[in-house]
2 protein chains.
Amino acid sequence: MALTGELSLAIVRLARRLRGRRTSKVVSLTQLSALSTLHHEGPMTPGALALAERVQPPSMTRVIASLSDLGMVRREPHPTDGRQAIVTLAPRGSEVINAELEAREEWLSARLEELSIDDRDTLAAAVPIIKKIIIGGPDDR
Amino acid sequence: MALTGELSLAIVRLARRLRGRRTSKVVSLTQLSALSTLHHEGPMTPGALALAERVQPPSMTRVIASLSDLGMVRREPHPTDGRQAIVTLAPRGSEVINAELEAREEWLSARLEELSIDDRDTLAAAVPIIKKIIIGGPDDR
DNA sequence: TATTGTTATACTCTATAACTATA
DNA sequence: TATAGTTATAGAGTATAACAATA
């Protein structure tokens with residue numbers, strides 16, 4: 001299917017443009033993605049967060065550590081299992097998340113403003129489909 | 001616009017899933033993206049390729065070097081300007097590109113097969129819009 | 001002096017392998 | 001012995017700053 005190749009290239013190129021702009025922002029897109037999952041799904045263990053974000057546990061360990069350093073999340077002991085921990089959105093993380101989600105990418109917002117209403121509608125319709133794709137497939141990459 | 005945040009997260013998460021699978025493939029998505037540009041637009045200088053791919057020149061230097069090592073591209077002297085070079089798709093690069101574009105992401109192809117025809121149509125309609133976004137905005141990131 | 005490209009360096013994101021602590 | 005998580009290490013991808021060569 002030709003769509004596969006076209007979509008792959010479009011996605012990686014747009015992600016490249018979105019990522020480059022780390023400077024002067026409070027959190028990276030990777031960090032924001034994890035915060036957003038905690039916001040939507042509530043406190044969870046590092047393992048569950050890694051699964052939700054579809055990254056390996058060691059990768060999530062680093063993201064959590066960086067967010068903890070920023071005061072965005074807290075690590076709390078698991079009530080019954082000493083091996084696990086519970087990662088919770090801290091007040092600072094809650095404050096930041098919506099503002100960042102909407103305001104972080106002025107660049108993307110400006111690009112979206114330049115589109116026609118039809119184009120924006122198409123993108124809005126594509127977002128849930130992309131989410132389906134992300135969730136689909138094997139967990140073990 | 002809420003779409004900004006939703007779209008950002010969806011894009012970076014899908015890109016993350018697409019990237020992870022470097023193993024057992026001939027070229028990475030970054031390399032494939034550069035090959036694809038050379039395929040569509042013909043031979044060009046490293047600077048022009050960096051601009052087309054929207055990365056900084058030193059980043060493109062590395063991509064070209066890796067593709068050259070793989071025998072996918074050739075560097076030729078510029079006919080009139082000794083500072084510049086011309087990067088050309090080598091036969092090996094041409095052979096690889098279409099097969100890779102369509103076959104590289106079996107994972108994505110399988111996900112697309114699981115969608116409804118309407119969903120695929122929506123994604124297909126979204127691709128050219130995403131391309132518009134990628135091209136838009138300032139070159140100096 | 002301006003432009004093109006490369007080299008040097010560093011940071012983010014992600015992975016796999018090995019290890020620790022607890023169950 | 002199995003599971004959850006961290007530490008150690010590595011590699012891709014990208015950037016900025018400094019440099020060399022040529023115009």
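Every chain is numbered from 1 and lettered A, B, ... according to where its sequence line falls, protein lines coming before strand lines.
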Measure from [atom1] on [X] to [atom2] on [N] and round the result to the nearest Å.
{"X": "B/L49", "N": "D/dT14", "atom1": "CG", "atom2": "P", "answer": "12 Å"}
{"X": "B/E53", "N": "D/dA15", "atom1": "CD", "atom2": "C1'", "answer": "16 Å"}
{"X": "B/L70", "N": "D/dA12", "atom1": "CG", "atom2": "C1'", "answer": "14 Å"}
{"X": "A/H78", "N": "D/dA4", "atom1": "NE2", "atom2": "P", "answer": "10 Å"}
{"X": "A/Q31", "N": "C/dC11", "atom1": "CD", "atom2": "C1'", "answer": "13 Å"}
{"X": "B/R17", "N": "C/dT14", "atom1": "CZ", "atom2": "C1'", "answer": "14 Å"}
{"X": "A/L32", "N": "C/dC13", "atom1": "CG", "atom2": "P", "answer": "11 Å"}
{"X": "B/L51", "N": "D/dA15", "atom1": "CG", "atom2": "C1'", "answer": "17 Å"}

Assess whether atom CZ of B/R92 is packed by more than 12 heavy atoms of other residues, nucleotides or ligands within 6.0 Å.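 No, not enclosed.
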
Reckon A/S59 touches a base, only the sugar-phosphate, or nothing at all at heavy-atom distances under 4.0 Å?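 Base contact.
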
Report which part of the nucleic acid B/S66 touches: base, sugar-phosphate, or nothing (heavy-atom distance under 4.0 Å, all strands).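 No contact.
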
Spacing of [atom1] belonging to [X] relative to [atom2] belonging to [Y], to within rounding of 0.5 Å:
{"X": "B/L3", "Y": "A/R120", "atom1": "CG", "atom2": "CZ", "value": "8.5 Å"}
{"X": "A/S116", "Y": "B/I129", "atom1": "OG", "atom2": "CD1", "value": "7.0 Å"}
{"X": "A/L35", "Y": "A/L67", "atom1": "CG", "atom2": "CG", "value": "4.5 Å"}

Do any side-chain nitrogens or oxygens of A/R16 fall under 4.0 Å of OP1 or OP2 in D/dT14?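 Answer is yes, contact under 4.0 Å.
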
Within the pair A/T30 and C/dT12, is there a side-chain N or O less than 4.0 Å away from OP1 or OP2?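 For C/dT12, OP1/OP2 do not have a side-chain N/O of A/T30 under 4.0 Å.
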
With the threshold set at 4.0 Å, does a side-chain nitrogen-carboxylate oxygen contact exist between B/K132 and A/E114?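 No, this pair does not count.
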
Just the table, please: protein N/O against nucleotides 4-7 of chain C N/O, every pair under 3.5 Å.
unit_1: C/dG5; atom_1: OP2; unit_2: B/G47; atom_2: N; d: 3.0
unit_1: C/dT6; atom_1: OP1; unit_2: B/R75; atom_2: NH1; d: 2.6
unit_1: C/dT6; atom_1: OP1; unit_2: B/R75; atom_2: NH2; d: 3.1
unit_1: C/dT6; atom_1: OP2; unit_2: B/T61; atom_2: OG1; d: 2.7

Does the side chain of A/R13 come under 3.5 Å of the side chain of B/T37 through a donor N or O and an acceptor N or O?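 On atom types as modelled, these side chains qualify, holding a pair under 3.5 Å.
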
B/H78 versus B/T80: any side-chain heavy-atom pair under 4.5 Å?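 Yes; the side chains approach each other to less than 4.5 Å.
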
